[in-house]
Amino acid sequence: TTMASQRRLSKKIKDGYLHPYNSPKNRVAINAFVQDIPMDDTHPSYKTLAQIQENLWLLEQKPCLLAWGMKDFCFTPEFLKRWQSIFPQATSICYDDAGHYVLEDAKDDLCPTIRKFLLKHPIQAM
């Protein structure tokens, strides 16, 4: 078991997740991404993300599927509740035994569910 998945990932899958970050040079972007997460309103990205959040209502009529690993160490069920409050029309699917890598932990159910959702809601131009 890992922190991100409730099942042991095979070496091939682990290697796939790690491959883009196989050298210090290739880890610069992920490090910058993590550093760009605003923890308070003094962070340079805070204003931009606040503006995005204020305008999420513009998407409220778009089809939305929220598939959630309830054992996610990072995006806990509290985050799901927040997304559900922003998008009350969303279809929510909770996987009690899935972690952060919900597509790995619940792939047997989630992949066909995503396929059905996309067939029911074909992507349309905005």
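Atom set for the values below is all heavy atoms of this structure, side chains included, hydrogens, waters and symmetry mates excluded. Worth saying up front: this structure is predicted, and the values here are computed from it rather than measured.
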Exercise. Yes or no on side chain to side chain contact (heavy atoms under 4.5 Å, CB included) for Asp105 and Val102, after CA distance, side-chain angles and deciding distance?
Worked result: CA-CA 5 Å; Asp105 291 339; Val102 67; 5.6 Å; no
Problem set entry | CH2-NE2 distance between Trp68 and His100, expressed to the nearest 0.5 angstrom | 10.0 Å
For this session: List for me each residue that meets side chain to side chain donor-acceptor pair (under 3.5 Å) alongside Ser92, sequence neighbours excluded, and say none if there are none.
Result: Gln84
May I have the list of side-chain donor-acceptor pairs in residues 109-120 shorter than 3.5 Å, sequence neighbours left out?
unit_1, atom_1, unit_2, atom_2, d
Asp109, OD2, Tyr95, OH, 2.4
Thr113, OG1, Asp109, O, 2.7

Problem set entry | Shared hydrophobic cluster for Phe79 and Ile86 (ILVMFWY, side-chain gaps under 4.5 Å) | yes
For this session: Looking only at non-hydrogen atoms, find the nearest pair between Pro20 and Asn26 and report the distance.
Result: O-CB, 3.2 Å
For this session: Would you give the length of the straight line joining atom CZ of Phe87 to atom CH2 of Trp57, rounded to the nearest 0.5 angstrom?
Result: 12.0 Å
Exercise. Mind checking what makes side chain to side chain donor-acceptor pair (under 3.5 Å) contact with Glu60, not counting sequence neighbours?
Worked result: none
Donor-acceptor contacts, no H, no angles, side chain residues 37-44, under 3.5 Å, sequence neighbours left out:
unit_1, atom_1, unit_2, atom_2, d
Asp40, OD1, Thr42, N, 2.8
Asp40, OD1, Thr42, OG1, 2.3
His43, ND1, Ser45, N, 3.0
His43, NE2, Gln35, O, 3.0

Problem set entry | Minimal non-hydrogen separation, Leu103 against Lys107, with atom names | O-CB, 2.8 Å
For this session: Hey, can you tell me if Tyr101 and Tyr17 have their rings parallel, tilted or perpendicular (30° and 60° cut-offs)?
Result: parallel
For this session: Mind jotting down which residue pairs meet the salt bridge (Lys or Arg N to Asp or Glu O under 4.0 Å) criterion with at least one end in residues 78-100? Sequence neighbours excluded, please.
Result: Lys71-Asp97, Glu78-Lys81
Problem set entry | Stepwise side chain to side chain contact (heavy atoms under 4.5 Å, CB included) test for Leu80 and Met70 | CA-CA 9 Å; Leu80 172 60; Met70 300 305 281; 4.1 Å; yes
For this session: Taking atom CD of Gln51 as the centre, report whether more than 12 heavy atoms of other residues, nucleotides or ligands fall under 6.0 Å from it.
Result: no
Problem set entry | Donor-acceptor contact present, side-chain Gln89 to main-chain Lys62, <3.5 Å | yes
Exercise. Got a sec, which pairs hit salt bridge (Lys or Arg N to Asp or Glu O under 4.0 Å) with one end in residues 15-39, sequence neighbours left out?
Worked result: Lys11-Asp15
For this session: Could you give me the CA-CA distance, side-chain angles and deciding distance for Phe33 and Val28, then say whether side chain to side chain contact (heavy atoms under 4.5 Å, CB included) is met?
Result: CA-CA 9 Å; Phe33 168 75; Val28 171; over 6 Å; no
Exercise. Hey, any chance Leu65 and Leu59 share a hydrophobic cluster, counting ILVMFWY side chains that come within less than 4.5 Å of each other, even indirectly?
Worked result: no
For this session: Starting at CD1 of Ile13, measure out to CD of Glu104 and round the result to the nearest 0.5 Å.
Result: 4.5 Å
